[in-house]
Engineer: 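Before we start, here is the structure in question, set down as structure tokens.
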Number of protein chains: 2
Amino acid sequence: MKIVTQADIARRLGCSQQAVGFALNNYRNSKVSLRPEKRQLILETATKLGYVPNRAARRLTRARFRKPVNEMDLVGLIYFGSADVDLDPVCIAMMSGAEHELSKFHASLTFVRAGESSDWEKVERLERAGSVDGWLLVGPVTDEVVDHLKPGKLPFVILGDHRCTQPVHAVNVDHMAAGRLAVQHLASLGHRRIACLGTGMQYLYQRQTLEGFRSAIKEFGLDDDERLLGDCSTWKNVVGKDIMDWLREPDPRPTAVFFSEPGMAFELCQILKDLGLEVPGEISVLGFGSPFPGAKRGNITYIELPMNEVGCQGALLLQRIAAALPHSFGTQVEPGLDSRMGFSEIKISPSLIEGRSTQSRQNDESKN
Amino acid sequence: MKIVTQADIARRLGCSQQAVGFALNNYRNSKVSLRPEKRQLILETATKLGYVPNRAARRLTRARFRKPVNEMDLVGLIYFGSADVDLDPVCIAMMSGAEHELSKFHASLTFVRAGESSDWEKVERLERAGSVDGWLLVGPVTDEVVDHLKPGKLPFVILGDHRCTQPVHAVNVDHMAAGRLAVQHLASLGHRRIACLGTGMQYLYQRQTLEGFRSAIKEFGLDDDERLLGDCSTWKNVVGKDIMDWLREPDPRPTAVFFSEPGMAFELCQILKDLGLEVPGEISVLGFGSPFPGAKRGNITYIELPMNEVGCQGALLLQRIAAALPHSFGTQVEPGLDSRMGFSEIKISPSLIEGRSTQSRQNDESKN
DNA sequence: CTGAAAGCGCTTACAG
DNA sequence: CTGAAAGCGCTTACAG
């Protein structure tokens, strides 16, 4: 594969190499001007010859002018997690989304796994080798991690749940909204007694989901009964046992259950069936999460957590931060996005995917 | 972060920049020679100042001499799979292994998702931008994919199962050996009637596993009974139903079941329990796969498919192929690894992780 | 407005 | 043996 250069195009058209570079890149501070037709001709020739800017050369030139990156072409995704545990599918979904978004502006994503502290060397090497323009962080990111990254001066954005107390750029799913959406949907179907079954309050997302759930219950004036909030953290071991006990407890029984833990609603439906409860006839089930095994299989209504979208937005935010860094020349800095810029905490709204597990009886019959 | 260059080191020591480059890289054809002490001094200074070779500059220099890569620093992993399906954990495990191995020689891995044909543009752009040194391919790789990649002249290695008919460099788990290992382990525990439960013969790995299983059954002179080979492709819908029927069918009943599909042995144990069969008292269970949810939870003996290792070995193979490409100068080419080199099909052996689901009764009691 | 030049950091070829 | 130079492809500053 022959590498096509700006010089090749210039030779071909009998113009200067600089004119080609200018036509292709629109150097912001260049005093060069080109007639539109000529510009057009250059662009056409470039595509015809299959010109792709050489990343290495660009990078090297950047180094010369000690100019911070304003168009990233390589973003590193640091995955924090021990090497002997399988990669979290949620993190992988975010990675996938980020790659998709980056590819739109011809940037790519480098995967870096950081399991132990010695892996910081990898990260630092990439920074020193000048081959990465910014970082996306996924996993249990702590203040310590952030402090480690700051001296490198590269922009970074945290994707998903994290454990930082200092202000950072971050993108995550709006878990409060998810809890609220669950209630809102079930309430709109006429339910007034809605149960919420989770696996504890250990993680922030669990507390946030529950908070959203409870505030919506109050807001809509539904049954605010403590006994409707269940915990099934042990269900993995004793399949169904504790859940059955809990389901028998509240009187009257709820007409709908929101299962606020990703991906287990399918099993819940089985258990309800075993208990002799018809879904959705006697009890509606609303699931939660993405990726969600069994959602299609069981045709379950669920709240989708768009983790791909978190990755996409993270990549975009990183791009924005980079574009806002001060340039070496006098271009106007995008207002509010330079060093005085506040840190962005972007929240992505969940959406609801309708299945049959929340259909009212009439609808169910009319469709059969 | 200040970038430290060879020139910085040279200035500091009052020697030539070329001497520094030579000390650090051992340019193979250079006529330069250095006194060991001087060399040592340079290396020490380099580490003290935190010197890391600038990738972009290296790449650019490579372009000058039109020399094929012999030390890769950026490998692209192309993941073939539709964008709306979650990433396969098996592929992700291979990616993780590859990244780990690459990081050992200071190379990194770029993730490229190719779901539709338009994504070829991404791949080609990376090649034309000169920013990738080789490819690792995961997913349903076909001859068509390979043909698409060949003109780029970059070395590539396929990881895991694929659908190519032409000779390629590939690394995969040895599924035949997995089937054999299952029988061997159970036979060594005294079992003579071993069942094998899978989910069909659709995929090559399924046929291979079964082939290994059957050949070992014959080899060890165990019960070679067709009825011991079960299929539960429908079990996802009708939990347990068909499997129960099948388990009742052979008479006498098997004393052990090898579940030849990744990751469902835990559920199988539940079903056996429901059937009133004690594990491992009345029937032993041997699982299969990696990642394997529930293996630890259920303390199940299983055959581990080391997908990480597949990734590692793939990265190493790619490195070897690159190193064997002809150089522009007269260095000896590693024998048998240049263009006349055969294509490598590396098979990684699975290993067995012992749990309690295959313990004999005596052992079980003695441990309680 | 256009063209020639400088130089990023590196590896190699060439001259003393 | 050592040193100065060439040049990869690009972006920017400088001169006509």
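Just so we're on the same page: letters track the sequence lines, and every chain starts at 1.
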Engineer: Find the partner of D:dA13: check Watson-Crick (N1-N3 plus N6-O4 or O6-N4) and G-U wobble (N1-O2, O6-N3) distances, both under 3.5 Å, and reply none if neither fits.
Structural biologist: none
Engineer: Does A:N25 have a side-chain nitrogen or oxygen under 4.0 Å from the phosphate oxygens OP1 or OP2 of D:dC10?
Structural biologist: no
Engineer: Is the closest basic N to carboxylate O distance between A:E44 and A:K48 below 4.0 Å?
Structural biologist: no
Engineer: To the nearest angstrom, how far is A:R55 atom CZ from D:dC8 atom C1'?
Structural biologist: 18 Å
Engineer: If the cut-off is 4.0 Å, is A:S16 near the phosphate of C:dG3, judged by side-chain N/O to OP1 or OP2?
Structural biologist: yes
Engineer: Please compare B:C15 and A:L60 by the position of their nearest nucleotide in DNA chain D and report the one closer to 5'.
Structural biologist: B:C15
Engineer: Classify the ring geometry between B:H148 and B:W120 as parallel (under 30°), tilted (30 to 60°) or perpendicular (over 60°).
Structural biologist: parallel
Engineer: Nearest whole Å is fine: how far is D:dA5 P from B:Q18 CD?
Structural biologist: 13 Å
Engineer: Could you state the interatomic distance from OG1 (B:T142) to CD1 (B:I158), rounded to the nearest 0.5 Å?
Structural biologist: 9.0 Å
Engineer: Between A:I9 (CD1) and D:dG9 (P), how many Å, whole number?
Structural biologist: 12 Å
Engineer: Taking atom types as they are modelled, would you say the side chain of B:Q6 forms a donor-acceptor pair with the base of C:dG9 within the 3.5 Å cutoff?
Structural biologist: no
Engineer: Rounded off to whole Å, could you give me the CZ-to-P distance for the B:F22 and C:dT12 pair?
Structural biologist: 11 Å
Engineer: Between atom CZ in B:F65 and atom C1' in D:dA5, what is the gap in whole Å?
Structural biologist: 11 Å
Engineer: Does A:R64 place a side-chain N or O at less than 4.0 Å from the phosphate oxygens OP1/OP2 of C:dA6?
Structural biologist: no
Engineer: Does D:dC8 have OP1 or OP2 sitting under 4.0 Å from an N or O in the side chain of B:R62?
Structural biologist: no
Engineer: Output, in order, the C-alpha distance, side-chain angles, deciding distance and verdict of side-chain hydrogen bond (donor to acceptor under 3.5 Å, both in side chains) for A:Q319 and A:K104.
Structural biologist: CA-CA 12 Å; A:Q319 188 80 351; A:K104 287 182 191 165; over 6 Å; no
Engineer: Starting from C1' on D:dA13, measure out to CD on A:Q17 and report it in whole angstrom.
Structural biologist: 15 Å
Engineer: B:L317 and side chain to side chain contact (heavy atoms under 4.5 Å, CB included): which single residue from B:L136, B:V171, B:L159 fits?
Structural biologist: B:V171
Engineer: Would you kindly compare B:K38 and A:A7 by the position of their nearest DNA chain D nucleotide and give the one closer to the 5′ end?
Structural biologist: B:K38
Engineer: In whole Å, I'd like the distance from the CG atom of A:D73 to the P atom of D:dC10.
Structural biologist: 13 Å
Engineer: Specify the separation, in whole Å, of atom CG of A:N54 and atom P of D:dG7.
Structural biologist: 18 Å
Engineer: Across all strands shown, which nucleotide pairs with C:dA4 by Watson-Crick or G-U wobble geometry, both distances under 3.5 Å?
Structural biologist: none
